[in-house]
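We name chains A, B, ... by the order of the sequence lines, and we start the count at 1 in each one. All values below come from the heavy atoms of this structure, side chains included, with hydrogens, waters and symmetry mates left out.
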Amino acid sequence: MNIVTTLQNAVSQAVEQLYGDSTESSKVLVNPTPPDFTGDYSIVIFPFVKVAKKSPDAAAAEIGAHLTEYISEIKSFNVVKGFLNLEISDTYWQGLLQSVVADPSFGRLPKNGKKVMVEYSSPNTNKPLHLGHIRNILLGSSCSSILEAVGYEVVKTQIINDRGVAICKSMLAWLKFGEGKTPESTGIKSDHFVGDWYVLFEQKSKVEYEAWQETEEATSVFQSKHKPDQDETTFFKDFKNKWFNDYSKLGAEVRDMLLKWEAHDPEILALWKKMNGWVYAGFEKTYGDLGVSFDKLYYESDTYLLGKDIVEDGLSKSVFFKKDDGSVWVDLTDAGHDQKVVLRADGTSVYITQDLGTARMRHHELKCDRYVYVVADEQNYHFQVLFETLKRLGEPYAAGLHHLSYGLVELPKGGRMKTREGTVVDADDLIEEVIRIATEQSKDRGEAETLSAEEKQENFRRVGMGALKFFIIKVHAKKKMVFNPEESVDLQGQTGPYIQYSYVRINGLMQRIEKEGIDCSIATQYANIQPQEKELLVALLDYSSVVQKAAEEYDPSLVANFSYDLAKKYHRFWHDLSVFSAETPEARAFRLTLSRAVGQVLKSSMGLLGVEMPERM
RNA sequence: GCACCGGUAGCUCAGCUGGAUAGAGCGCUGCCCUCCGAAGGCAGAGGUCGUGAGUUCGAAUCUCGCCCGGUGCACCA
């Protein structure tokens, strides 16, 4: 059992025996003792002074004496201002260290027989992935790893938005202006190739709109429809969508294409497949660079008509109701939400209809206990409505639904990651850039010079990707974050490479153990554990509870911050104490073993974030 | 207007199931490689934890009001 839990139970019992009052052991507060005080763990005594009918210090002393008597792991205690500081015996710490080193899966939990689906990425097929996707992907994939570490069977999925007006824009632009060009003929990465036609379409459409604004038709539209306080510029800005739907030639062509697609026109379908194929090939490359994968892909072209049966079901259960015009609604006003359409009067689906249908279809297929949707926080309301509706429909999996919502990634000067503004940070460019900088920095240092070219490249890649991934994951998902391109590839301070560096140091030690044939078994005879060693042990002990908390809260940033904290403590340890030239052979063996344990846990925890450790850097 | 989220050092972020003097990193000022890799360590400057009240022995943390910022409130997806 974890020492913290032991202490909680012991305090709970002590209070009961001494003062005859029962306290829930989980409510006993056990904190690591701050550095300025003597001890390893501190217990807050204030909650017990009432039942003890004593001063905080007197009660603390009494409880301390009681604990020391009954709990063998406690070496000594002291009392400061109502805080009971406990010192844990070296025997316990020795045992912990040995158990970490002996257990390659330390911190992980055995299979729990439960299954969870994590849906992430879910891109559109009309443009390449950008920084926003990267946050989504890293959150989804690290969450998957964390859930797996606590015992779940994880099914990683994405729903690809492969249909609709957007992809038709790319298709149309390519047909009209493409002159048969292909990714191969132009040498452009294939998803970017498709995205370029989308951009071209938007440009052409803008030109058409500007020209239209000069026509008599436009003038009369402005005359008849503008609000009193609107000048021409602001009116036409607002009017853009309406224009595109009602007046634009290109708009008409796109809608015509979408209709043909929906009617399964063979030529259009073939074109659609070709262009989406290009996009998928490009995505595949980016996913590979990011080191992520999926177990199951869903395509919106297969799911967008789902959900009509669930509407029938909802009507028969009176969860939904029908309005006079035939449209179907769900009323969630008593849950603090609004009424929501789930089926149009003409019988066609809306956004939520397909999500309802997809949820049921997927559960039928996957039978998971939990379903996690990694989707930007703009859709918070949508998911509240979706989950509440599924709950009312009595769907058996409704209690296990979770929206992992994340905030916008902003650029330092406040630009949004949108294609239109042209300030978008492209995923592939970013990946290339971080690796380039890592390579440059490593070359300057020259530490990796003895490695082969491939090994070097692989190490640099790990450093660059480690920097990027850590930078993004360390911020709590729900906060919007500022992405500073320069800082993101910084290799000093609170960064991925800082953590990797401590691992590389440890790796060097391990190689030396190997080479010099050092016997570490006498580590257990080391008697005088130093504060710098103790704080590492305390941190190691915490690993599994951090992973569990991260899984419960779907929060990878906890693991990132844990890793950084552990690395920081290791650097301090390294600086303050000698390992190889330690005072005694026992101290050397102990510190080597401790280093091994730290290296193992660092590799494991960073692994949960998808960050790989370099051997040298 | 209503709802949700955020507001902690110049900047980027931890801490938020109430607990000891509010922590890191970057940047700034200085130190530390004749000893295991200095992508490291140490020290200093820098904070009315948005704001006002309340609860409490104790509030960055809980409650309420207000201010600022963001997002959502489509028979769009």
Side-chain angles (χ1 to χ4, degrees), chain A residues 26-27 29 31 33-34 36-37 42-47 49-50 56 80-83 85 124 161 163-166 241 300 304 323 325-329 336-338 340-346 348-355 376-382 384-385 405 407-408 410 412 414 438 441-442 444-447 463 467 471 474-476 478-484 486-488 490-502 504-509 512 557-558 560-561 564-565 567-568 570-582 588 591-592 595 616-617:
Chain A
S26 62
K27 292 207 170 142
L29 214 54
N31 297 323
T33 304
D36 299 351
F37 301 93
S42 297
I43 288 155
V44 184
I45 295 301
F46 291 101
V49 297
K50 232 174 226 171
V80 181
K81 291 194 296 185
F83 292 88
N85 301 325
N124 296 317
N161 300 311
R163 62 168 288 280
V165 174
N241 276 335
E300 206 191 81
Y304 81 111
K323 287 198 176 170
D325 65 359
S327 59
V328 181
W329 294 71
H337 304 128
D338 300 318
K340 198 81 191 164
V341 184
V342 294
L343 199 70
R344 293 193 187 100
D346 64 5
T348 57
S349 305
V350 291
Y351 181 40
I352 200 162
T353 321
Q354 48 171 301
D355 273 4
D377 64 5
E378 297 153 352
Q379 300 209 34
N380 285 353
Y381 181 69
H382 171 73
Q384 282 173 18
V385 170
S405 157
L408 195 69
E410 288 177 322
Q441 304 258 336
S442 294
D444 287 349
R445 292 168 49 80
E447 290 285 351
V463 174
F471 187 88
K474 75 176 177 187
V475 181
H476 189 104
K478 81 172 168 191
K479 295 183 88 157
K480 66 181 183 195
M481 63 176 291
V482 174
F483 183 84
N484 186 326
E486 274 119 54
E487 252 179 64
S488 71
D490 209 333
L491 313 179
Q492 271 113 40
Q494 196 182 23
T495 65
Y498 174 94
I499 301 164
Q500 290 172 322
Y501 184 57
S502 53
V504 167
R505 283 176 151 176
I506 292 167
N507 191 48
L509 294 177
R512 221 173 131 181
S557 75
L558 292 173
N561 289 313
Y564 173 70
D565 186 56
K568 191 172 167 56
Y570 188 78
H571 281 308
R572 192 159 24 222
F573 158 85
W574 173 282
H575 178 268
D576 290 355
L577 303 170
S578 296
V579 178
F580 266 97
S581 35
R588 183 176 69 174
R591 286 175 197 159
L592 283 170
S595 297
R616 295 226 209 131
M617 56 196 284

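As judged by a 4.0 angstrom heavy-atom cut-off over every strand, A:Glu447 is placed among the base-contacting residues. Within 4.0 Å of A:Asn241, counting heavy atoms only, lies no atom of the nucleic acid at all. Counting any heavy atom pair closer than 4.0 Å across all strands shown, A:Tyr351 reaches a base atom. Note on A:Asn161: nothing from the nucleic acid sits closer than 4.0 angstrom, heavy atoms only. A:Glu300 comes within contact range of the sugar-phosphate backbone alone, with a heavy-atom separation under 4.0 Å but no base atom that close. Within the nucleic acid shown, A:Leu577 comes within 4.0 Å of at least one base atom, counting heavy atoms only. Within the 4.0 angstrom heavy-atom criterion, only backbone atoms of the sugar-phosphate kind lie near A:Val350; the bases stay farther away. Residue contacts shown for A:Ser42 include a base, since a base heavy atom lies under 4.0 Å away. The residue A:Phe37 sits close to a base: some heavy atom pair falls under 4.0 Å. Across all strands shown, A:Ser502 has no heavy atoms under 4.0 Å from either base or sugar-phosphate atoms. Among the protein residues, A:Tyr498 comes within range of the sugar-phosphate backbone only, with heavy atoms under 4.0 Å from sugar or phosphate atoms but none that close to a base. Note on A:Val504: a base of the nucleic acid sits closer than 4.0 angstrom, heavy atoms only. Contact annotation for A:Gln384: no contact, since no heavy-atom pair falls under 4.0 Å across all strands.
Going from atom CG of A:Leu29 over to atom P of B:C62 covers 15 Å, rounded to whole Å. Rounded to whole angstrom, the span from the NZ atom of A:Lys568 across to the P atom of B:A24 amounts to 7 Å.
A gap of 15 Å separates the P atoms of B:G15 and B:A24, to the nearest Å. To the nearest whole angstrom, the two P atoms, one in B:U56 and one in B:U63, are 16 Å apart. Spacing of P atoms, B:C16 relative to B:U61, comes out at 13 Å, to the nearest Å. Spacing of C1' atoms, B:A38 relative to B:G70, comes out at 42 Å, to the nearest Å. When the C1' atom is compared between B:U48 and B:G7, the two are found 15 Å apart, to the nearest whole Å.
Judged by centroid separation below 5.5 Å and plane tilt below 30°, A:Phe46 stacks onto the base of B:G19.
With both pairing distances under 3.5 Å, B:C42 is matched to B:G30 as a Watson-Crick or G-U wobble pair. The pairing partner recorded for B:C36 is none, the criterion being a Watson-Crick or G-U wobble arrangement whose two distances lie under 3.5 angstrom.
With distances taken from any side-chain atom of A:Pro47 to the nucleotides B:G19, B:A20, B:G25, the minimum falls on B:G19.
Dashed line: the shortest gap from a side-chain N or O of A:Trp574 to OP1 or OP2 of B:A38 is under 4.0 Å. Under 4.0 angstrom from either OP1 or OP2 of B:U17 there lies no side-chain N or O belonging to A:Lys27. Residue A:Arg163 has no polar side-chain atom (N or O) positioned under 4.0 Å from OP1 or OP2 of B:C76. Not one side-chain nitrogen or oxygen of A:Arg505 sits closer than 4.0 Å to the OP1 or OP2 atom of B:C36. A close approach under 4.0 Å does not occur between any side-chain nitrogen or oxygen of A:Tyr501 and OP1 or OP2 of B:G41.
Side-chain contact check for A:Thr495 and A:Asp490: no donor-acceptor pair (N or O, by modelled atom type) lies under 3.5 Å.
Nearest-nucleotide positions on RNA chain B place A:Phe580 closer to the 5' end than the other of A:Phe580 and A:Asp377. Nearest-nucleotide mapping onto RNA chain B: of A:Lys50 and A:Val579, the residue sitting toward the 5' end is A:Val579.
Of the possible donor and acceptor atoms, one in the side chain of A:Thr353 sits under 3.5 Å from a partner among the backbone N and O of A:Val342. Side-chain atoms of A:Lys340 do not come within 3.5 Å of backbone N or O of A:Ile352 as any donor-acceptor pair. A donor-acceptor distance shorter than 3.5 angstrom exists from the side chain of A:Ser442 to the backbone of A:Ala438, with no hydrogens or angles considered.
In this entry the base of B:C64 is anti relative to its sugar, with a glycosidic angle more than 90° from 0.
With hydrogens and angles ignored, a donor-acceptor pair closer than 3.5 Å exists between the side chain of A:Asn85 and the base of B:A20.
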Polar atom pairs between nucleotides 9-14 of chain B and protein, under 3.5 Å, N or O only, would you list them?
unit_1: B:C13; atom_1: OP1; unit_2: A:Val482; atom_2: N; d: 2.7
unit_1: B:A14; atom_1: OP1; unit_2: A:His476; atom_2: N; d: 2.7
unit_1: B:A14; atom_1: OP2; unit_2: A:Lys479; atom_2: NZ; d: 2.9

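Every ring-ring contact (aromatic ring centres under 6.0 Å, His included) that A:His382 has, sequence neighbours left out, goes to A:Tyr351.
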**Test ring pair (Phe, Tyr, Trp, His ring centres under 6.0 Å) applied to A:Phe573 and A:Tyr570, step by step** = CA-CA 5 Å; A:Phe573 158 85; A:Tyr570 188 78; 5.2 Å; yes
